[in-house]
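These figures come from a predicted structure and were not determined experimentally.
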Amino acid sequence: MEQYVIKGGIPLNGEVEIGGAKNAALAILAAANMTDETVYIDNIPDVRDINAMLEAMEGIGTKVERLDRHTVTVNGSGLENCIVENESMKRIRASYYLLGALLGKYKKAQVPLPGGCNIGSRPIDQHLKGFKAMGAATRIEHGFIIAEAEKLHGAHIFLDMVSVGATINIMMAASMADGNTIIENAAKEPHVVDVANFLNSMGASIKGAGTDVIRIKGVKSLHRTEYSIIPDQIEAGTFMFAAAVTGGNVVLRNVIPKHLEATSAKLLELGCEVHEYDDAVRVISHGRLQNTHVKTMPYPGFPTDMQPQIAVSLALAEGTSIVTESIFENRFRYVDELARMGASIKVEGNVAVISGVEKFTGARVSAPDLRAGAALVIAGLAAEGITIVDDIYYIERGYENLDQKLRGLGAQIEKVASEKEIQKFKLKVG
């Protein structure tokens, strides 16, 4: 198993290029199967979840051609069946996007129950509710979600809770249903808008994405398109907090500043400077951070995927901070790992009370999930001494070349695969 080994205490400085949004790309790749014509997609991140999705698509007969690391063409005309059996799909959450795409086009789909990080219960009841409202019969058998319909019809669907996955899945299926569909209490995240824009570029008729009411007029068929994925707001936010905790000065290129407003607002409260440009953001950190409170909320609120990263920052801030997690109940699994580095955090239910400490000290820690793993890397960058982060498989599910990008900002971090390499790194950095 590979690890990151980090010597902390070095301020990050320079520029970093942010990649395409993983969460948008996964849904868009699924939606690309909804036309028989060739779809060209670029700005795709080269991460484990994306590669698993592409492998699964090839497994059902989709022709996938990788033109370069960040560009693919997809042609679903040769799709042989609607049964997704690829083992890797059981490990990622976004497997369910093939359900909405295949149901919309072929009126049937069989997809493994989703996996992903153990950050809490993520039921698919709202997805199935939407499919049923459009005339599909759904059931779960032998670990698969099965959805079938003689035909799909438009429906008025009110989601009981804001769900990004359900909003996207229903939107895809409704794009090729007969008649009009209205989704109320829809998710407003940037990647929901990106998927809607992609579907519209293929000839779908979707209005209102980015608001809480989305209106969809079903069409008979979709056609070829060329599309570029939006930048990843979570990768960007991770680097913003890395700059904050290390006392750095970092420019993030290829971002949409509006998507980062909740993160930028909290960094200002922490005492950092945040400068916005057309497609870039600069974060400058001055000395010790200030305490604040944060509650995760659906977009445009503070994202749950940024909660571990801000918690690391608050653990080094002056004073006491409170973090309330309102989305996932297991999102504090990193707290015990941070405690090894000297953090003082008490968790009660969905609330973490953080008493800021002056410094972290390096330790061996283990990434419990994707975003918590990234947060532990940030902690290592700020810590005194050497930090080793195990189980970086989770981190590589959603971050491309994290170690390389951090080295480009001056960090001392390497990916290693043995204890011998860890010792070699320690000797090299003194």
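Under the side-chain contact (heavy atoms from CB on, under 4.5 Å) criterion, Ile182 pairs with His156, Glu184, Val213, Arg215, not counting sequence neighbours. Applying the side chain to side chain donor-acceptor pair (under 3.5 Å) criterion to Tyr299, with sequence neighbours excluded, gives no partner residue. In this view, Arg66 and Asn51 satisfy the side chain to side chain donor-acceptor pair (under 3.5 Å) rule, not counting sequence neighbours. By the side chain to side chain donor-acceptor pair (under 3.5 Å) test, Tyr334 pairs with Gln307, sequence neighbours left out. Every salt bridge (charged side-chain N to carboxylate O under 4.0 Å, His left out) that Lys405 has, sequence neighbours left out, goes to Glu235. Residues passing the side-chain contact (heavy atoms from CB on, under 4.5 Å) test with Thr71 are Tyr40, Asp42, Leu67, Asp68, sequence neighbours excluded. By the ring-ring contact (aromatic ring centres under 6.0 Å, His included) test, Phe198 pairs with Tyr227, sequence neighbours left out. Under the rule for a side chain to side chain donor-acceptor pair (under 3.5 Å), the partners of Arg48 that lie at least two apart in sequence or sit in another chain are Glu396. Glu325 is linked by a salt bridge (charged side-chain N to carboxylate O under 4.0 Å, His left out) to nothing, counting only residues two or more places apart in sequence or in another chain. Residues meeting the salt bridge (charged side-chain N to carboxylate O under 4.0 Å, His left out) test with Glu419, sequence neighbours left out: Arg364. With sequence neighbours left out, the salt bridge (charged side-chain N to carboxylate O under 4.0 Å, His left out) criterion links Lys426 to no other residue.
Thr167 places a side-chain N or O within donor-acceptor distance of the main-chain N or O of Ala187, the cut-off being under 3.5 Å. In this structure, Asn200 contributes its side chain and Ile206 its backbone to a donor-acceptor pair below 3.5 Å. Side-chain N or O atoms of Asp391 include none that pairs as donor or acceptor with a backbone N or O of Ser366 at under 3.5 Å. Under a 3.5 Å cut-off, the side chain of Lys346 and the backbone N or O of Val351 do not form any donor-acceptor pair. Between the His191 side chain and the Asn23 main chain, no donor and acceptor come within less than 3.5 Å of each other. Using a distance-only test at 3.5 Å, with no hydrogens or angles considered, a donor-acceptor pair links the side chain of Lys7 to the main chain of Val429. Using modelled atom types, one side-chain atom of Glu400 and one backbone atom of Asp46 make a donor-acceptor pair closer than 3.5 Å. At distances below 3.5 Å, not a single donor-acceptor pair connects side-chain atoms of Lys415 with backbone N or O atoms of Gln3.
Here side chain to side chain donor-acceptor pair (under 3.5 Å) pairs that include residues 269-281, with residues two or more places apart or in two chains, are Lys266-Glu269, Glu269-Thr292, Glu273-His275, Glu273-His286.
The shortest distance between side-chain heavy atoms of Ile28 and Leu199 does not fall below 4.5 Å. Using a 4.5 Å cut-off on side-chain heavy atoms (C-beta onward), Asn33 and Leu98 make contact. Within the 4.5 Å cutoff, the side chain of Tyr4 has no heavy atoms near those of the Val416 side chain. With contacts defined as side-chain heavy-atom distances shorter than 4.5 Å, the pair Ile256/Pro190 does not qualify. For the pair Ile378 and Thr238, the minimum side-chain heavy-atom distance is below 4.5 Å.
With salt bridges taken as basic N to acidic carboxylate O contacts below 4.0 Å, none links Lys424 and Glu421. Between Arg407 and Asp403 there is a salt bridge, since at least one side-chain N of the basic residue sits less than 4.0 Å from a carboxylate O of the acidic one. By the 4.0 Å N-to-carboxylate-O rule, Arg397 lies too far from Asp369 to be salt-bridged with it.
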Show your reasoning for whether salt bridge (charged side-chain N to carboxylate O under 4.0 Å, His left out) applies to Asp49 and Lys22.
-> CA-CA 8 Å; Asp49 279 12; Lys22 172 185 79 88; 3.4 Å; yes
Test side chain to side chain contact (heavy atoms under 4.5 Å, CB included) applied to Met306 and Arg371, step by step = CA-CA 7 Å; Met306 289 305 307; Arg371 305 305 175 185; over 6 Å; no
Under the side-chain hydrogen bond (donor to acceptor under 3.5 Å, both in side chains) criterion, do Thr296 and Thr304 qualify, and how do the steps go?
-> CA-CA 5 Å; Thr296 61; Thr304 181; 4.7 Å; no
Before giving the answer on side-chain hydrogen bond (donor to acceptor under 3.5 Å, both in side chains), spell out for Thr320 and Asn291 the whole-Å C-alpha distance, their side-chain angles and the decisive distance to 0.1 Å.
-> CA-CA 6 Å; Thr320 300; Asn291 66 311; over 6 Å; no
Which is it for Leu102 and Leu79 under the side chain to side chain contact (heavy atoms under 4.5 Å, CB included) test, yes or no, and what are the steps along the way?
-> CA-CA 10 Å; Leu102 298 177; Leu79 202 135; 3.9 Å; yes
Go through the steps to decide whether Gln126 and Asp160 satisfy the test side-chain hydrogen bond (donor to acceptor under 3.5 Å, both in side chains), and finish with yes or no.
-> CA-CA 7 Å; Gln126 298 303 298; Asp160 298 326; 3.2 Å; yes
Begin with the C-alpha distance, continue with both residues' side-chain angles, and end with the deciding distance and a verdict on side chain to side chain contact (heavy atoms under 4.5 Å, CB included) for Tyr399 and Ile234.
-> CA-CA 9 Å; Tyr399 292 89; Ile234 306 303; 4.0 Å; yes
Go through the steps for Leu159 and Ile183 under the test side chain to side chain contact (heavy atoms under 4.5 Å, CB included), then give the verdict.
-> CA-CA 7 Å; Leu159 297 178; Ile183 307 172; 4.1 Å; yes
Salt bridge (charged side-chain N to carboxylate O under 4.0 Å, His left out) assessment of Asp125 paired with Lys132 | CA-CA 10 Å; Asp125 58 316; Lys132 287 177 183 176; over 6 Å; no
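Across all their heavy atoms, Ile395 and Ala374 have their closest contact at CG1-N, 4.0 Å. Among all heavy-atom pairs drawn from Val111 and Ser95, the shortest one is CG1-O, 3.2 Å. Considering all non-hydrogen atoms of both residues, Val245 and Ser313 come closest at CG1-OG, 3.3 Å. Closest approach of Ala186 to Ile214, counting heavy atoms only: CB-CD1, 3.8 Å. Contact between Tyr97 and Val164 at its shortest, heavy atoms only, is OH-CG1, 4.2 Å. Of all non-hydrogen atoms in Ala317 and Arg288, the two that sit nearest each other are O-NH2, 3.2 Å.
For Lys295, the NZ atom counts as loosely surrounded, since its 6.0 Å shell holds 12 or fewer non-hydrogen atoms of other residues, nucleotides or ligands. Within 6.0 Å of CD on Glu384 lie no more than 12 heavy atoms contributed by other residues, nucleotides or ligands.
In summary, of the residues considered (Val250, Leu252, Val274, Asn249), a side-chain contact (heavy atoms from CB on, under 4.5 Å) with Arg282 occurs for Asn249 alone. With Phe241 as the partner, the side-chain contact (heavy atoms from CB on, under 4.5 Å) test is satisfied by one option alone out of Val312, Thr263, Thr246: Thr263.
Judged by distance alone, the side chains of His70 and Asn43 never bring a donor and an acceptor atom under 3.5 Å apart.
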